[in-house]
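Each remark here refers to the structure printed beneath this line.
Residue numbers count from 1 along this sequence.
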Amino acid sequence: MTHLYQICNLSFSYQDSNALELDELLIEQNQVTAVVGPNGSGKSTLFDLLAFLRQPQAGTILFRGTPVAGSGRAQLRRQVGYVQQKPYLMKMSVRDNIGLGLKFRGEPRRVIDATVNAVAGELGLTALLDRDANKLSGGEIQKVALARALALQPEVVIMDEPFTYLDEATVHEIEQWLHGQRQARTKTVIFSTHDRPRAQSLSDNIVNLSNGRAYPFSSGNAQSNVSQSG
């Protein structure tokens, strides 16, 4: 297996509160990794670091074996599609929301249209493309946010609590998409959840977070990529 991320001796704090303390954590390339832990365990902070939105106060993050420097984070952000727990959509059509990042990158209209149509088809959003984004349900918003991330063809997709606030049908659709990613092995996907059985069924690897520390996990089909005992 190839390590896409390697975290070594990392710590991150908010004022006087220690949010993360990780000795070593590995995220494998082209696999699905689930991060499991309760509220306040450090999941969102970890995701901000993996998306290069923050930098650790101590320790190292390696991406493709190369240490991530402060000046290089902006370029690396283009490799990550980050779907947050409560994604924000612009007040425009679903079509324009999905293609927004491509428009900012200066892609020609024909490329934007083709890409939007492809990812909308993949996520079952074709019938919604001309609908106003502010008239969508919570599940539809989540799928549009995922489509917007996928349209940029990132190397990594990070999903923070993607099953929260969703109806049963949308939960099933997101689960099926994750199953498809496990089979395709063409993208690295990282998602967080409180639901351990769901993490086991949908992921190749599990990171178990508690109080900012990662602990080994071995059960079912998923494996642990944690090299510390806390």
Side-chain angles (χ1 to χ4, degrees), residues 4-28 31-59 61 80-88 138-139 141-143 145-146 149 156-168 170-179 181-182 188-230:
L4 184 62
Y5 291 94
Q6 184 173 4
I7 291 175
C8 305
N9 301 316
L10 180 147
S11 64
F12 188 92
S13 300
Y14 297 101
Q15 297 178 340
D16 296 329
S17 175
N18 194 22
L20 283 176
E21 194 73 37
L22 303 173
D23 293 339
E24 183 176 59
L25 176 62
L26 307 175
I27 304 292
E28 305 300 340
Q31 293 193 6
V32 178
T33 296
V35 180
V36 180
N39 291 336
S41 61
K43 300 190 300 296
S44 294
T45 300
L46 175 61
F47 282 6
D48 284 351
L49 291 164
L50 296 178
F52 310 112
L53 299 177
R54 300 180 186 273
Q55 58 184 1
Q57 283 131 359
I61 298 177
V80 181
Y82 189 8
V83 183
Q84 296 177 305
Q85 185 175 355
K86 293 183 178 180
Y88 177 79
I141 290 172
Q142 191 75 23
K143 289 199 296 180
L146 176 57
V156 185
V157 175
I158 297 176
M159 306 168 71
D160 192 3
E161 298 284 357
F163 303 103
T164 306
Y165 312 122
L166 300 188
D167 59 89
E168 185 176 346
T170 307
V171 166
H172 178 71
E173 290 172 350
I174 298 294
E175 288 178 337
Q176 289 301 109
W177 182 82
L178 285 167
H179 279 303
Q181 296 306 305
R182 287 187 71 186
T188 303
V189 181
I190 309 165
F191 73 94
S192 62
T193 180
H194 296 84
D195 189 326
R196 193 177 302 276
R198 175 176 283 144
Q200 288 178 254
S201 68
L202 295 177
S203 67
D204 301 294
N205 310 290
I206 290 179
V207 175
N208 192 42
L209 270 186
S210 180
N211 296 319
R213 289 186 173 271
Y215 296 89
F217 177 90
S218 59
S219 179
N221 295 323
Q223 302 178 27
S224 172
N225 281 356
V226 179
S227 300
Q228 66 174 48
S229 61

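Pairing each heavy atom of Glu21 with each of Ser11, the nearest pair is OE1-CB, 3.3 Å. Nearest heavy-atom pair, Ser13 versus Asn18, reported as atom, atom and distance to 0.1 Å: OG-OD1, 3.1 Å. The minimum heavy-atom distance linking Ala34 with Ala199 is given by the pair CB-CB, 3.6 Å. Across all their heavy atoms, Ala51 and Ile158 have their closest contact at N-CD1, 4.0 Å. Between Asp167 and Gly139 the shortest heavy-atom distance is OD2-CA, 4.2 Å. Listed here is the closest heavy atom pair of Pro197 and Asp195: CD-OD1, 3.0 Å.
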Chi angles and distances behind the side chain to side chain contact (heavy atoms under 4.5 Å, CB included) call for Val156, Leu50
CA-CA 9 Å; Val156 185; Leu50 296 178; over 6 Å; no
Verdict with supporting geometry, Phe191 and Thr33, side chain to side chain contact (heavy atoms under 4.5 Å, CB included):
CA-CA 7 Å; Phe191 73 94; Thr33 296; over 6 Å; no
Please walk me through it: do Val83 and Gln142 pass side chain to side chain contact (heavy atoms under 4.5 Å, CB included)?
CA-CA 8 Å; Val83 183; Gln142 191 75 23; 3.6 Å; yes
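Between Asp160 and Lys43, no side-chain nitrogen of the basic residue sits less than 4.0 Å from a carboxylate oxygen of the acidic one, so the salt-bridge criterion is not met. Ionic pairing of Glu175 and Arg198 is present here: one or more N-O contacts between side-chain nitrogen and carboxylate oxygen are shorter than 4.0 angstrom.
In this structure, the side chain of Gln181 does not engage the main chain of Val32 through any donor-acceptor pair within 3.5 Å.
Under the 4.5 Å side-chain criterion, counting only non-hydrogen atoms from C-beta, Thr193 is in contact with Val36.
Take Tyr88 and apply the ring-ring contact (aromatic ring centres under 6.0 Å, His included) test, not counting sequence neighbours, and it matches no residue. Take Phe12 and apply the ring-ring contact (aromatic ring centres under 6.0 Å, His included) test, not counting sequence neighbours, and it matches Tyr14.
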